[in-house]
Structures are given as C-alpha cells and as structure tokens.
**Q** 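The structure's right below; bear with me while I get my questions together.
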Amino acid sequence: MSKVNTSTRPEARLAKGFRDIEAAELRGLNDMTGKIREVYERYGFEALETPAIEYTDALGKFLPDQDRPNAGVFSFQDEDEQWMSLRYDLTAPLARYVAQNFQFLPKPFRRYAFGNVYRNEKPGPGRFRQFMQFDADTVGAEGVAADAEMCMLAADTLEALGVKRGDYVIKVSSRKLLDGLLSAAGLDGEENAGRRLTVLRAVDKLDRLGIEGVSQLLGKGRKDESGDFTKGADLTPAQTMEVIGFLERPIASNADNPAFKSGVDDLLKLKEICAAAGYEENRIRLDQTVVRGLEYYTGPVLEAELTFEVKDDDGKPVRFGSVGGGGRYDDLVARFTGEKVPATGFSIGVSRLQAALSLIGDKKAKALGPVVVLVMDKAEIATYQKMTQALRNAGIRAEMYLGSSGMKAQMKYADKRNSPCVIIQGSDERAKGEVTIKDLIEGAKAAAAIKDNKEWKEARPAQFSVSEANLIQEVHKLIKRHEA
RNA sequence: GCCGCCUUAGCUCAGUUGGUUAGAGCGCUAGAUUGUGGAUCUAGAGGUCCCCGGUUCAAAUCUGGGAGGCGGUACCA
C-alpha cells in the first residue's frame with residue numbers, strides 16, 4: 001500500500017471534554033451503579049429510562065440561535081427543522097415524562113434513572129461535557145417527609161459505596177430561607193432579580209472564599225488571583241451585614257422571624273424525621289450556606305459532600321466537596337400542564353464520585369485476562385480452536401491467539417492481557433497427547449531472580465505438561481489459585 | 001467570557017548566537033534465540049517542528065495574527 005498523503009490524514013483525537021473509559025474503570029462503574037441501584041430500589045423507586053435526546057422546548061431551553069446561543073446545551077435540527085437537544089440533566093426529561101403520562105401514573109410517582117448527560121461548556125479538571133448522573137425523584141408529594149427521605153437516601157447510598165460515616169455529610173437548607181433573607185434585605189421585586197442572583201452566587205462561594213470574599217462579592221466586587229474582576233451585588237453595608245449575619249447564625253435562631261418561618265419550620269421538621277430514623281447530625285445537618293442551582297428549587301435543598309482530604313498524584317491535598325445534590329422543585333411539571341405538581345429529588349454525580357472513591361479505595365489488582373491458547377502450528381488451528389471452545393464451555397475466559405506473529409510475540413501478547421496462563425501444544429506435546437500449561441504469574445516471579453539469558457531460556461519456569469483430558473481441570477485449579 | 005502558561009515522533013521531552021540530512025529515552029516491529037514473557041545488544045519503521053503571513057541568502061529558532069491544549073477565574077440546570 002502506498003503512503004497516504006499526510007496532509008489528508010485526520011488527527012486521531014478525542015473531542016474536547018469527552019473521554020474514553022477503559023476496562024478497569026468500566027468494571028468499577030458497573031459495580032457502583034449496581035450498588036446505587038440496590039439502595040434506590042430498596043427505597044421503592046422504580047426504574048425509568050428516557051432518551052438522551054429531547055425536543056429543545058421540552059427541556060426548557062432557549063433555541064440555540066436565539067438570545068442565548070447554545071447556552072450550555074448541545075442542539076441541532078432534525079430533518080423537519082425541529083430543534084433537538086442532548087439532555088443536560090435527568091430532571092427535565094422526567095418532568096416531560098410525568099406531564100405526558102400524568103393520568104396513568106400512580107401519585108406520588110417515584111422513579112430512579114441513570115445515564116449520561118451532556119453540557120456544552122468549557123471543561124475543567126474533573127469536569128467533562130459528558131458525565132453520568134444517577135437520580136431518584138418523588139413527584140406529587142408536597143410534605144417535607146419526601147425531602148427527608150432524599151437526605152436519608154443520599155446517606156445510605158454513600159455508605160453502600162463504602163464511604164465511612166464521618167467521611168461525608170448531607171447538608172440541608174431551604175430556598176425559602178434565602179428568599180426570606182433577600183426580601184428582608186429589601187431586594188424584592190422584578191427590578192432586583194439580577195442582584196438576588198448575584199447574592200445567591202456569592203453565598204454559594206462561602207466555603208471557598210470565606211466570609212471576607214463573600215462580603216466583597218456582596219459589595220462592590222472582588223478581584224481574584226488571576227487578575228479577573230468579578231462584579232459584586234452592590235449591596236449597602238447594612239444589607240451586606242444582614243446577609244453575613246444570616247450565614248453566621250444557627251438556623252433555629254431565625255424561627256421567630258416571619259420571613260424565615262416557613263423555611264425554618266420545614267427544616268426543623270425534616271431534621272426531626274431524620275433523627276427519629278436514626279440519622280443524626282453526624283450524617284444529616286442543617287446548613288444555611290447550601291445554595292444549589294439557582295433556577296428551579298423552591299423548598300428544601302440538599303448537598304452530599306465528602307469531607308475527607310486525599311492526596312492526588314502530585315501529592316497535593318484535594319477536597320472533593322459535593323458529589324451529589326438535589327432539592328424540591330414544585331414548578332417543573334407545571335411548565336407543561338399548568339398544574340402545579342410538587343416534586344423533590346436527589347442526583348449523584350457518578351463520575352465525580354467514582355474519581356473520589358478511586359483515590360481512597362485500595363488499588364485493586366488488575367483483573368485476570370483470558371487464558372490464551374498459543375498457535376504453534378498454523379495447520380492445527382482447528383485443534384486449538386476446539387481446545388479454546390472447551391475451556392469456554394467450562395466457564396473459563398479463553399481465547400486462541402488470532403494474530404499472525406510467532407511464539408515470542410504470542411507470549412508477550414498474553415503477558416499484556418494479564419493472562420493467568422497460556423496453553424502450549426506443539427508437535428512434541430501433540431505426539432504424546434499432552435498440552436503444556438505455563439503459569440504466567442508464577443513465571444514472572446521466578447524470572448525476576450534470573451539474570452543470565454541462557455539460564456532464562458533453559459529454566460522455562462512455572463510450566464508443566466498434562467494430558468489433554470486433564471486440561472480444563474488443571475486450568476481451573478490454576479485460576480482458582482491466583483484468584484485467592 | 002476574562003487572565004496566565006504551553007504546542008517538535010504514538011508518549012515524555014532535548015534542540016546552542018537563526019546555518020548541512022531535526023535528535024534522545026520510552027513504546028512499536030524484527031533479529032541475536034526451529035518452541036518461551038524479563039534483562040542485554042543490534043537493526044528498522046515512525047516527523048506538514050500546530051496553522052497562515054512577515055523579516056532574512058537561510059526560520060523549529062525572530063516577528064504578527066490565528067487555532068488547539070493545560071491551569072485559574074466566571075458560569076453551572
């Protein structure tokens with residue numbers, strides 16, 4: 001074959017913000033989703049899968065060519081020129097599903113869902129444009145018991161995944177508190193919508209910037225280390241003090257303030273329900289600094305946070321922070337039906353949580369690969385394939401070498417696949433009705449001690465011959481030994 | 001979006017004041033070893049030096065613009 005003109009070669013590259021997931025990580029992922037599913041089902045949630053693509057208006061987004069071009073959402077037009085979008089979370093599709101099937105669903109409707117979601121944003125460290133979420137939602141229940149249940153579900157799920165009690169906390173607040181605060185600070189009304197948003201954003205940054213940084217953001221603004229200036233909410237000093245004061249006071253002390261009353265009552269009731277079920281402050285804690293998304297939450301909001309610190313590959317300490325969150329959103333279904341349907345939910349950032357767990361979890365040994373049957377003699381391929389099939393039928397992962405290289409390359413291949421052993425049958429063995437089994441794991445240990453090449457050649461460590469009839473039994477024994 | 005750093009082989013990176021045919025290590029392929037993983041040695045394959053323009057006898061190197069990557073920040077349903 002002649003050389004391809006290099007100027008026409010495409011570059012083999014991943015799309016920005018996307019990634020490949022390989023065998024070891026996929027195994028971990030399946031493991032995780034299995035455990036999460038178990039907890040969600042135990043709580044009575046029913047599985048539901050909706051498509052990755054929805055009509056753009058059903059997701060509640062502006063069309064890409066209108067005033068917010070492609071604002072965070074991947075969108076395109078189908079052949080009828082209808083705008084479609086990749087889902088950016090699992091809640092918007094749920095709202096569509098509930099609205100569409102309202103008359104048939106049991107109320108309250110409780111479902112769980114998991115899958116990839118897509119965001120057309122600039123990716124950052126640990127942030128991708130495709131990632132997996134695992135959600136549970138209760139639709140049609142307005143009592144705070146449904147919210148309390150979300151908190152307990154979050155705690156149970158983290159523990160099922162191996163996060164120790166004390167290494168995480170579920171923080172709960174209520175959007176009603178912040179609404180009350182803003183109203184008390186005189187930021188009511190349409191004309192203050194932008195400033196309310198800025199205040200919420202500032203409060204959300206408390207854990208990272210501290211009281212000082214938040215104060216700056218509430219006032220004129222703040223300049224960060226990279227020299228970028230973030231415009232503040234431009235509150236008066238008195239208003240700033242009021243907000244800061246709220247953040248520093250315990251929630252219960254606001255109980256008599258009419259602006260906060262309804263929110264505080266909710267939270268105290270929620271806390272009581274959780275405590276009665278055995279979920280104390282070390283797991284589920286009221287914390288008025290929790291903000292969560294800005295648009296649709298209307299009541300209690302919760303955030304699942306990992307509290308331990310780990311070192312990354314460079315030895316720098318990393319805090320993972322939030323690995324999931326949720327809250328009450330009472331207006332989402334109403335978009336479609338006009339009927340107000342109360343709902344509350346919880347969502348786990350699976351990919352993010354997995355990254356965190358892989359840093360605390362003990363590094364598992366690489367899983368064993370398949371047994372590799374070497375092709376010593378191309379004329380005997382049918383025999384090798386038959387052996388391979390016999391191993392497979394006995395429940396052993398096995399494959400015949402399918403490449404075209406010689407024995408040395410075949411050994412290297414098996415090594416790279418992390419095979420427990422290879423099966424060798426050349427003319428010598430065949431004449432005697434035998435096969436040679438070479439234990440690659442034992443062999444590697446033996447080889448470490450050998451210095452001289454000649455010795456290495458002659459030693460042929462960790463291999464033995466058995467009669468063809470005993471092949472399966474011997475391989476079984478060998479694998480069992482290495483799995484232990 | 002804003003700020004900073006970076007871009008040379010599949011990967012990690014050298015490349016002198018601008019000067020012949022752009023290098024190394026790792027990885028890959030093969031041989032030394034009719035049929036044995038490691039180590040060692042040998043050979044081979046692999047390059048639009050990110051792109052476009054400018055300066056120059058001469059640009060991977062200097063210069064202008066652009067693209068891409070990384071990090072911070074902003075946004076985050």
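Throughout, a chain's letter reflects where its sequence line sits, starting with A, and its residues are numbered from 1.
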**Q** Between the protein and nucleotides 27-33 of chain B, which nitrogen or oxygen pairs are less than 3.5 angstrom apart?
**A**
{"residue": "rC28(B)", "atom": "OP1", "partner": "Lys416(A)", "partner atom": "NZ", "Å": "2.8"}
{"residue": "rU33(B)", "atom": "O4", "partner": "Asn453(A)", "partner atom": "ND2", "Å": "3.0"}

**Q** Donor-acceptor pairs under 3.5 Å, side chain of residues 130-138 of chain A to any protein atom, not counting sequence neighbours: which ones?
**A**
{"residue": "Asp135(A)", "atom": "OD1", "partner": "Ser347(A)", "partner atom": "OG", "Å": "2.7"}
{"residue": "Asp137(A)", "atom": "OD1", "partner": "Arg111(A)", "partner atom": "NH2", "Å": "2.3"}
{"residue": "Asp137(A)", "atom": "OD2", "partner": "Tyr329(A)", "partner atom": "OH", "Å": "2.7"}
{"residue": "Thr138(A)", "atom": "OG1", "partner": "Arg110(A)", "partner atom": "NH1", "Å": "3.1"}

**Q** Convert the base pairs of RNA chain B into dot-bracket notation, remembering that pairs crossing earlier ones are written with [ ] and that bases paired across to another strand are shown as |; include only Watson-Crick or G-U pairs under 3.5 Å.
**A** (((((((..((((.....[...)))).(((((.......))))).....(((((..]....))))))))))))....

**Q** Taking distance alone, no hydrogens or angles, what donor-acceptor pairs closer than 3.5 Å link side-chain atoms of residues 206-219 of chain A to residues at least two apart or in another chain?
**A**
{"residue": "Glu212(A)", "atom": "OE2", "partner": "Gln216(A)", "partner atom": "NE2", "Å": "3.4"}
{"residue": "Ser215(A)", "atom": "OG", "partner": "Ile211(A)", "partner atom": "O", "Å": "2.7"}

**Q** Can you list everything that forms a side chain to side chain contact (heavy atoms under 4.5 Å, CB included) with Ser467(A)? Sequence neighbours excluded, please.
**A**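 Result, side chain to side chain contact (heavy atoms under 4.5 Å, CB included) vs Ser467(A): Ala469(A), Asn470(A).
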
**Q** Show me the donor-acceptor pairs within less than 3.5 Å that the side chains of residues 415-424 of chain A make with the rest of the protein, sequence neighbours left out.
**A**
{"residue": "Arg417(A)", "atom": "NH1", "partner": "Glu399(A)", "partner atom": "OE1", "Å": "3.4"}
{"residue": "Arg417(A)", "atom": "NH1", "partner": "Glu399(A)", "partner atom": "OE2", "Å": "3.1"}
{"residue": "Arg417(A)", "atom": "NH1", "partner": "Tyr413(A)", "partner atom": "OH", "Å": "2.8"}
{"residue": "Asn418(A)", "atom": "ND2", "partner": "Ala367(A)", "partner atom": "O", "Å": "3.0"}
{"residue": "Ser419(A)", "atom": "OG", "partner": "Pro370(A)", "partner atom": "O", "Å": "2.7"}
{"residue": "Ser419(A)", "atom": "OG", "partner": "Ala414(A)", "partner atom": "O", "Å": "3.2"}

**Q** Can you tell if the side chain of Val169(A) reaches within under 4.5 Å of the side chain of Asp287(A), non-hydrogen atoms only?
**A** no

**Q** Not counting sequence neighbours, which residues clear salt bridge (charged side-chain N to carboxylate O under 4.0 Å, His left out) with Arg328(A)? List them please.
**A** Asp147(A), Asp330(A)

**Q** Which atom pairs link the protein and nucleotides 66-70 of chain B when you take only N or O atoms and keep those under 3.5 Å?
**A**
{"residue": "rG69(B)", "atom": "OP2", "partner": "Lys16(A)", "partner atom": "NZ", "Å": "2.6"}

**Q** List the residues meeting salt bridge (charged side-chain N to carboxylate O under 4.0 Å, His left out) with Arg127(A), not counting sequence neighbours, and say none if there are none.
**A** Glu121(A)

**Q** Could you pull out all residues at least two apart from Arg37(A) that satisfy salt bridge (charged side-chain N to carboxylate O under 4.0 Å, His left out)?
**A** none

**Q** Sequence neighbours excluded, which residues qualify as ring pair (Phe, Tyr, Trp, His ring centres under 6.0 Å) partners of Phe246(A)?
**A**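 Testing Phe246(A) for ring pair (Phe, Tyr, Trp, His ring centres under 6.0 Å), a comparison that skips the adjacent residues, returns Phe260(A).
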
**Q** For residues 463-476 of chain A, which residue pairs qualify under salt bridge (charged side-chain N to carboxylate O under 4.0 Å, His left out), counting only residues two or more places apart or in two chains?
**A** Glu474(A)-Lys477(A)

